[in-house]
Amino acid sequence: MSEVDVVLPDGSHRTLRAGATARDVAEAIGARLAKDALAARVGGALVDLAAPVPDGAEVAIITPASDEGREVLRHSTAHVLAQAVRRLWPGAKYAIGPAIENGFYYDFELPHGARFTDEDLARIESVMREIIAEDQSFTRDEMSIDEGLHLFADQPYKIEIITKVKEGASDEEDLGEVAGGASISIYRNSEEFVDLCRGPHVPSTKRLGHFKLMRVAGAYWRGDEKRPQLQRVYGTAFETEAGLAAHLHMLAEAEKRDHRRLASELDLISFPSELGGGLAVWHPRGGIVRKQMEDFSRERHQAGGYEFVVTPHLANARVFETSGHLGFYKDAMYPPMEMDNGTYYMKPMNCPMHCLIFKSRARSYRELPLRLFELGTVYRYERAGTLHGLMRIRGFTQDDSHIYCTEEQLDEEIASLLGFVMDMLRAFGFEDFSAYLSTKDPDKYVGSDEIWETATEALRGAMERFGLAYQVKAGDAAFYGPKIDIDVRDAIGRRWQLSTIQCDFNHPERFDLEYVGADNQRHRPIMLHRALFGSIERFFGVLLEHYAGNLPTWLAPEQVRVLGVRTDHDDYAASVAAVLGAEGVRVNVEPGDEPLGARIRRAKLEKVPYVLVVGDEDVAAGTVGINARGSEEPERGVDLSEFLSALRAEIAAHERPED
RNA sequence: GCCUGGGUAGCUCAGCCGGCAGAGCAGCGCAUUCGUAAUGCGCAGGUCGUGGGUUCGAUUCCCACCCCAGGCUCCA
């Protein structure tokens, strides 16, 4: 055959001479594309531009400004990072260096147990820039496993990877290195540097350059804390300097809306170190927001047919033995307290207590579904290194409910629950949901296959009816039943896992829960666990980040601040505040001792939704000037009653002035 | 838990080679009375995370501990 015919993504064909490469395809399409090209996708596989294209293959050229293009750029930049580290630390062992979301990393073991420090980043970066300027080409080679073992003889991590491949590599990850079954692929970008790699890579280092090393970290080899800890360098790379700058800017923005920063700046919450790690206190301005959240939650639950219960924070070990927590969850529980009549634990979950309420007397099918709701505070011992502001904390309050129902009621109960959950999340400004369905772990479960099937289908059916996109996490269920976890997307596109709905066949069994059915027989109820906020603390943290601290008016700790232009307007300002306060508006007056501009600035920094400025004209006409958060131009001379009714409407609608 | 970085006034941070601890903001006082993001002057504020060590002398150097942040999952 002297020619090959390839199919392009638009369905058109190109005919090239036999032995043509992906680069030839790009050139056949256009000089501009050939210049941009970084790699190619041939028959579904990513390959180098130098790779030959077989007859009949589908060929797509990968350019920098695409997800795949950036991945190639980042991966190649990771190689340059490794090369630079090997120049600076001769004898450094190098492990793995993949592209990851938003960047790349590479793991090393430095000679004599050396560690990277922040100062090293600048040195490594400048060597990387030298390597890039040297315009080294990346060339692929394939060799036998034995040749590979020889080539990387002084590289224990590479040897481990190759050996696993040789042994028939149970891991899919390692199979990626096997080309043709018995060989491995390597890339050289000079005589100086060679790396075991699947590729593809950019043609030459000169195609790189818009990168930044971000941080150093320790990382266990293969993510296993029993194995050696390597030194990891994280970096990011983009196809243009502007892309890199935009990414760095986004990171700066995300930092500005960090809930820990906002919680402190807005005087909402603090984490006194005297209390110990992972324990928060709510200040008055945070407390009032929490009260709004809780009041709203209780209202919704009351309307949804829930009953309110309260249970203690501390319980005898017996109850956690019965529930299985001491068997399955002990690592996350606070250590036991020995007391006169036994051993006690802080509760890590509310379910055992709710089961005891169910069990306190005989139950009839007429009572089901029985929905017990509690804002229940739980304590979990999280490892010190995993604590993170309000998102990962050791003491928190769940908007927790356990629903006891019959097998026949399960389907409808889950369906209505899903609607209930999403209504609640929407009320807090989240619109974009996705979900995970976690199914049975075949090695670890309780209950019959039939009931798992019923429950899993009930969960699946409910999500499909709601048009909720979901992914299945096979085998990820709790041992006691399948579950749905619901994610929300926040204002800057990040996903947060909040709500969860879980079926439980374990607790009813362990607590021997029963109800008497219409047939006068005893039956075992099914139990649903569900939390909408998840944890109030975490939900509050997510809200702060989502709104960048600009909470909607119904939640804002202070909704209105009234400022007189001069001190002689203070009385009128107080009368305006009195009118609003009588309507339940959270309002304060700041007297006119300081210049107006300074007082406005302070109110803005405190993110008060409405600043009312009142002066001579307002006193005379009974009006207010409105400076709304987020608006460019203040309004003058608005009738107070008009402002009040607009404010009431906004509060009722859970909106923000900037909406 | 482990790696890296950090802990100095309420907050944000400066403090080179060891020599009596600094700034801005916030706070307090006085003056200023002002129409939409910083009025001026003054005052006060610290066991430099904790405990040891080296030294004539330690915020600074060494050791241990505590707390905070990032990372330890996305595959050479």
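Per chain, numbering begins at 1; letters A, B, ... match sequence-line order. Predicted model only: the values in this text are computed from it and were never measured. Computed from heavy atoms alone, side chains included, the values below leave out hydrogens, waters and symmetry copies.
- A distance of about 31 Å separates the P atoms of rG46(B) and rC56(B), rounded to the whole Å.
- When the C1' atom is used for both rC20(B) and rC65(B), the distance is 30 Å, rounded to whole Å.
- Listed pair Y105(A) / rC74(B) meets the phosphate criterion, a side-chain N or O lying under 4.0 Å from OP1 or OP2.
- Listed by chain and number, the residues in a salt bridge (Lys or Arg N to Asp or Glu O under 4.0 Å) with R566(A) are D568(A), D616(A) (sequence neighbours excluded).
- Side-chain atoms of Q231(A) and base atoms of rC3(B) include no donor and acceptor less than 3.5 Å apart.
- Classification of rC17(B) as syn follows from a glycosidic angle within 90° of 0.
- For the C1' atoms, the distance linking rU36(B) with rC43(B) amounts to 31 Å, nearest Å.
- For the ring pair (Phe, Tyr, Trp, His ring centres under 6.0 Å) test, residues two or more places apart in sequence or in another chain that qualify with H247(A) are F238(A).
- Proximity of the aromatic rings of Y106(A) and F108(A) is defined here by a centroid distance below 6.0 angstrom, and this criterion is met.
- The base of rG1(B) lies close enough to the side chain of Y220(A) for a donor and an acceptor atom to sit less than 3.5 Å apart.
- For the side-chain contact (heavy atoms from CB on, under 4.5 Å) test, residues two or more places apart in sequence or in another chain that qualify with T439(A) are L437(A), T456(A), V472(A), A474(A).
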For nucleotides 37-40 of chain B, which of its nitrogen or oxygen atoms have a protein nitrogen or oxygen under 3.5 Å away, and what is each distance?
unit_1, atom_1, unit_2, atom_2, d
rA37(B), O4', R601(A), N, 3.4
rA38(B), N7, R601(A), NE, 3.2
rA38(B), N7, R601(A), NH2, 3.3
rA38(B), N6, R601(A), NH2, 2.6
rA38(B), N1, R601(A), NH1, 3.4

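- For the P atoms, the distance from rC61(B) to rA14(B) is 15 Å, rounded to whole Å.
- D107(A) places its CG atom 11 Å from the P atom of rC75(B), with the value rounded to the nearest Å.
- Aromatic ring centres of Y187(A) and F193(A): separated by at least 6.0 Å.
- Each of G625(A) and V216(A) was assigned the nucleotide of RNA chain B with the nearest heavy atom; the assignment lying further toward the 5' end belongs to V216(A).
- Taking atom P on both rA38(B) and rA26(B), the two are 12 Å apart, rounded to the nearest angstrom.
- At a non-hydrogen distance threshold of 4.0 Å, nothing from residues 83-94 of chain A comes into contact with RNA chain B.
- If you check every strand for non-hydrogen atoms under 4.0 Å, A99(A) touches sugar and phosphate atoms only.
- Counting only residues at least two apart or in different chains, salt bridge (Lys or Arg N to Asp or Glu O under 4.0 Å) contacts with residues 67-79 of chain A comprise R41(A)-E68(A), D67(A)-R70(A), R70(A)-E239(A).
- With sequence neighbours left out, the side chain to side chain donor-acceptor pair (under 3.5 Å) criterion links R285(A) to E558(A).
- Nucleic acid contact for F116(A): sugar-phosphate only, since backbone atoms but no base atoms lie under 4.0 Å from a heavy atom of the residue.
- When the side-chain nitrogen and oxygen atoms of H388(A) are compared with OP1 and OP2 of rG70(B), one or more of them lie within a distance under 4.0 Å.
- Residue E617(A) is classed as a base contact, given a heavy-atom separation below 4.0 Å to a base.
- Using a 4.0 Å heavy-atom distance criterion, H79(A) is classed as a sugar-phosphate-only contact.
- Counted by atom type alone, D639(A) and S641(A) present one or more donor-acceptor pairs between their side chains at under 3.5 Å.
- In terms of the side chain to side chain donor-acceptor pair (under 3.5 Å) criterion, D487(A) has no residue partners (sequence neighbours excluded).
- If you check every strand for non-hydrogen atoms under 4.0 Å, G615(A) touches a base.
- Contact annotation: side chain of D618(A) to base of rG35(B), donor-acceptor pair present below 3.5 Å.
- Rounded to whole Å, the separation between the C1' atoms of rG7(B) and rU60(B) comes to 15 Å.
- Looking at heavy-atom distances under 4.0 Å, G223(A) makes contact with sugar-phosphate atoms alone, never a base.
- Using a 4.0 Å heavy-atom distance criterion, Y157(A) is classed as making no nucleic acid contact.
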Less than 3.5 Å apart, which donor and acceptor atoms pair up between the side chains of residues 89-103 of chain A and the rest of the protein, not counting sequence neighbours?
unit_1, atom_1, unit_2, atom_2, d
K93(A), NZ, G91(A), O, 3.4
Y94(A), OH, V194(A), O, 2.6

